[in-house]
Amino acid sequence: MDINSLYNEWLEKATVDPDLIAELEGIKGNDEEILDRFYRSLEFGTAGLRGVIGAGTNRMNYYTVCQATQGLADFLKKHFENPSVAIGYDSRIKSDYLSREAAKVLAANSVKVYLFEELEPTPCLSFAIRHFHTSSGIILTASHNPAKYNGYKCYNSNGYQMTDEEANETYEFIQKVDYFTGIKTMDFDEAVEQGLIEYMGDEVIDAFLDEVQKQCINPEIVKESNLKVIYTPLNGTGNKPVRKILDRIGVKDVHIVKEQENPDGNFPTCPFPNPEIRQSFECALKMADEIKPDLLLATDPDCDRVGIAVQDGNGGYKLMTGNEVGAMMLNYLLSQKAEKGTLTPESIAVKSFVSTDLAEVIAKKYNCSFKNLLTGFKYIGEVITKLEAQGKSDEFVMGFEESYGYLAGTHARDKDAVVASMLICEMAAYYKSKGMSLAEVMDSLYDEFGYYFNVVESYTFEGASGMEKMAGIMDGLRQNAPSEFAGMSVTKTDDYKTSVSLNADGTTSVIELPKSNVLAYTLTDGNKIIVRPSGTEPKIKAYITAIGKDKESAQVIADRLIAEANEIMK
């Protein structure tokens, strides 16, 4: 079917949502707008669906979401005798509506649904999957993307996002579903009456918060610290659970950014609701001029990531990177567990392999086992699940990714900004009792272990020719293996596509991780460059680690490596 025929079919048949009808009528005769909406279908992968909200096969809407849900139902019925699904949603435009429609599709397929009564963080959905022992989970969210986006993340029965194999098989079922004739649905109220849809009450959130609170190590110090915090949920899901957990552990002096307090999928004061960028903190920083808090916290709309700003010693506030917070949190947890005698030789911490190597050095100091994993929190979830199967879940200390995602505890199998916010505040309170700010704590770690300067450079290659160029760059690096970068010798090359780790002396070993199109180069003195194409965007990212005795010397090395990366990507 050509694009105009597809458009005309939608114009005739896409009658469920009045917004879609109006949009389709509004683009009539506009070939460019029609092409953008229908030139492809949203693909379903391990991250589910993600796209701009609107009409068409290349948009997030009733039909694309319900097609995916019908495919998911078919997949689950093949693999489970009595399948069930937990469903959550965030504050984004149409998230609540689409979650109900997905629930109706599942119910019509005799799949039991547990649905949150109101918007909740992504980690709560991960918790609910395991709490109710469901076969799968869905959350309607586009994480920290701009307001025009929404997404559909799918989880397996372990509580982490689907594996490649599961997602591929689900996608095969999805592709067999016709948008207008292949989707089963039923009346929502009737499904509730029949017990096919059941609301999850406050007791589920309370149980989630109970598990989060168990990760608090020094509650008495927190209660006595008089910690002053400014918090913004960035118009997302974190407002209630983060405030509740902080109140539970004794952080009472919490000031909320009013413009960003309530759910609002338009994100009027933060068009990019991402705690990695300074713009998200602008409203909080204005409040800080008057309130003078110890700490500023910002969680993204689905509350799986958290960013912080801390006193810089000069009356201002500095934003800390995800790598810095991850390393500092790990150091805090390990030091306190060691002090209290709860750290064992089998204790383990994990991170994505593109995150700072400083964490591994810190773990070594405390004789804590450490694992580097592929990017994607599901891999951290898999580690926890294996530990749990061995009766060793208590040995899990924490896992993190440089993109502001952290998890301590085993209550969830995805990154959790609720537990991370709690531990960050506890950490700040503990060091405040020692007369130190978190900025000073980070400086002390750099003084002890060296300055780890981590930077990510992103290179965009548009269109079909761009995809070819990306492939050519990766092939070129493999066929003409570099022996040095920026004058520094390559001491080890890890090729995650071939699973071969090659040392400079010619010896090799096997990389015990799933295959991925990534090349990692370890250089003189532990410096590093990792080259990783995106699986969903026309981009290659270069993750650079530069190590120096101080920030200035590390910056010099980083600049040289960035210049080298720029040359490679030309």
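Computation of the quantities below employed the complete heavy-atom set of this structure, encompassing side-chain atoms and omitting hydrogens, waters and symmetry-equivalent molecules.
Each ring-ring contact (aromatic ring centres under 6.0 Å, His included) pair with one or both residues in residues 393-413, not counting sequence neighbours, appears once here: Phe208-His411. The ring-ring contact (aromatic ring centres under 6.0 Å, His included) contacts involving residues 339-362 comprise Phe353-Tyr496, where partners must be two or more places apart or lie in separate chains.
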Point to revise | Chi angles and distances behind the side-chain hydrogen bond (donor to acceptor under 3.5 Å, both in side chains) call for Thr163, Asn156 | key: CA-CA 8 Å; Thr163 64; Asn156 65 18; 5.4 Å; no
Practice item. List the steps, then state whether salt bridge (Lys or Arg N to Asp or Glu O under 4.0 Å) holds for Glu261 with Arg243. Key: CA-CA 11 Å; Glu261 178 178 13; Arg243 292 169 75 172; 2.7 Å; yes
Review point. Does the pair Leu246 and Leu297 meet the rule for a side chain to side chain contact (heavy atoms under 4.5 Å, CB included), with working shown?
Key: CA-CA 12 Å; Leu246 295 186; Leu297 284 175; 4.3 Å; yes
Exercise for review: Evaluate side chain to side chain contact (heavy atoms under 4.5 Å, CB included) for Thr237 paired with Tyr89, printing each intermediate quantity in order.
Suggested key: CA-CA 9 Å; Thr237 60; Tyr89 60 94; over 6 Å; no
Point to revise | Candidate pair Tyr332 and Met398, rule side chain to side chain contact (heavy atoms under 4.5 Å, CB included), full reasoning | key: CA-CA 11 Å; Tyr332 173 71; Met398 71 169 284; over 6 Å; no
Point to revise | Worked verdict on Tyr155 versus Arg413 for side chain to side chain contact (heavy atoms under 4.5 Å, CB included) | key: CA-CA 10 Å; Tyr155 290 72; Arg413 296 292 189 271; over 6 Å; no
Practice item. Start with the C-alpha distance between Glu360 and Lys351, add both sets of side-chain angles, then the distance that settles salt bridge (Lys or Arg N to Asp or Glu O under 4.0 Å), and finish with yes or no. Key: CA-CA 9 Å; Glu360 191 167 359; Lys351 70 173 181 68; 5.3 Å; no
Check your understanding: Between Asp550 and Ser553, does a side-chain hydrogen bond (donor to acceptor under 3.5 Å, both in side chains) hold up when you go through it step by step?
Key -> CA-CA 6 Å; Asp550 52 32; Ser553 59; 2.9 Å; yes
Practice item. Under the side-chain hydrogen bond (donor to acceptor under 3.5 Å, both in side chains) rule, what do Gln311 and Ser437 come out as? Steps first, then yes or no, please. Key: CA-CA 7 Å; Gln311 294 174 344; Ser437 70; 5.6 Å; no
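Separation of atoms CZ (Arg532) and CG (Leu374) is listed at 8.5 Å; rounding is to 0.5 Å. Rounded to the nearest 0.5 angstrom, Asn145 CG and Arg92 CZ are separated by 6.0 Å. Considering CD of Glu426 and CE of Met329, their distance stands at 10.0 Å, rounded to 0.5 Å. Residue Gln161 holds its CD atom at 11.5 Å from CD of Glu382, rounded to the nearest 0.5 Å. Note that CD of Glu203 is 8.0 Å distant from CG of Asp206, once rounded to the nearest 0.5 Å. If you take CD1 on Ile308 and CD1 on Ile424, they are separated by 5.0 Å, rounding to the nearest 0.5 Å.
At a threshold of 4.0 Å, the pair Lys528-Asp494 does not count as salt-bridged, since none of the basic side-chain nitrogens sits closer than that to a carboxylate oxygen. Between Lys434 and Glu440 there is no salt bridge, since no side-chain N of the basic residue sits under 4.0 Å from a carboxylate O of the acidic one. A salt bridge does not link Arg130 with Glu211: every distance from a Lys NZ or Arg NE/NH1/NH2 to an Asp or Glu carboxylate oxygen is 4.0 Å or more.
Under the rule for a salt bridge (charged side-chain N to carboxylate O under 4.0 Å, His left out), Lys386 has no partner lying at least two apart in sequence or in another chain. Looking at residues two or more places apart in sequence or on another chain, you find a side-chain contact (heavy atoms from CB on, under 4.5 Å) between Ser352 and Val354, Ser355, Thr375, Glu401. Residues satisfying the side-chain contact (heavy atoms from CB on, under 4.5 Å) test with Asp210, not counting sequence neighbours, are Arg248. Every residue meeting the side-chain contact (heavy atoms from CB on, under 4.5 Å) condition with Thr299, not counting sequence neighbours, appears here in chain and number order: Tyr231, Pro233, Val242, Cys303, Val306, Ala417, Ser421. Residues that satisfy the side-chain contact (heavy atoms from CB on, under 4.5 Å) test with Pro219, not counting sequence neighbours, are Cys216. Taking Arg50 as the reference, nothing meets the salt bridge (charged side-chain N to carboxylate O under 4.0 Å, His left out) condition, with sequence neighbours excluded. In this structure Lys286 satisfies the salt bridge (charged side-chain N to carboxylate O under 4.0 Å, His left out) test with no other residue, sequence neighbours excluded. Remark: Gln336 engages Asn218, Tyr430 in a side-chain hydrogen bond (donor to acceptor under 3.5 Å, both in side chains) (not counting sequence neighbours).
A donor-acceptor contact closer than 3.5 angstrom is absent between the side chains of Ser99 and Asp96. Checking Asp90 against Ser95 by side-chain atom types alone, a donor-acceptor pair falls below 3.5 Å.
You'll find the side chain of Leu234 stays beyond 4.5 Å of the side chain of His144, heavy atoms only.
The side chain to side chain donor-acceptor pair (under 3.5 Å) with Thr122 is formed by just one residue from the set Asp414, Asp416, Asp302, Asp304; it is Asp302.
Listed here is the closest heavy atom pair of Phe281 and Leu296: CE2-O, 4.0 Å. Closest non-hydrogen pair, Asp300 versus Ser143, comes out as OD2-OG, 3.3 Å. Between Gly88 and Phe116 the shortest heavy-atom distance is CA-CD1, 3.7 Å. Nearest heavy-atom pair, Phe127 versus Val204, reported as atom, atom and distance to 0.1 Å: CE2-O, 3.6 Å. Pairing each heavy atom of Glu117 with each of Met200, the nearest pair is CG-O, 3.4 Å. Nearest heavy atom pair, residue Ser347 against residue Val397, reads CB-CG2, 4.0 Å.
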Donor-acceptor list for residues 451-460 side chains, cut-off 3.5 Å, not counting sequence neighbours:
unit_1 : atom_1 : unit_2 : atom_2 : d
Asn454 : OD1    : Thr356 : OG1    : 3.1
Asn454 : ND2    : Thr545 : OG1    : 3.1
Tyr459 : OH     : Asn566 : OD1    : 2.7

What side-chain donor-acceptor pairs closer than 3.5 Å can you find for residues 221-228, not counting sequence neighbours?
unit_1 : atom_1 : unit_2 : atom_2 : d
Ser225 : OG     : Val222 : O      : 2.8
Ser225 : OG     : Leu227 : N      : 3.3
Lys228 : NZ     : Ile291 : O      : 3.3

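Counted within 6.0 Å of CD on Glu290, heavy atoms from surrounding residues, nucleotides or ligands total 12 or fewer; the atom is thus considered open. In Lys240, the NZ atom is not crowded: 12 or fewer heavy atoms of neighbouring residues, nucleotides or ligands sit closer than 6.0 Å. The 12-atom threshold is exceeded at NZ of Lys432, counting heavy atoms of other residues, nucleotides or ligands nearer than 6.0 Å.
Of the possible polar contacts, one joining the Asp312 side chain to the Asn314 backbone as a donor-acceptor pair under 3.5 Å is found.
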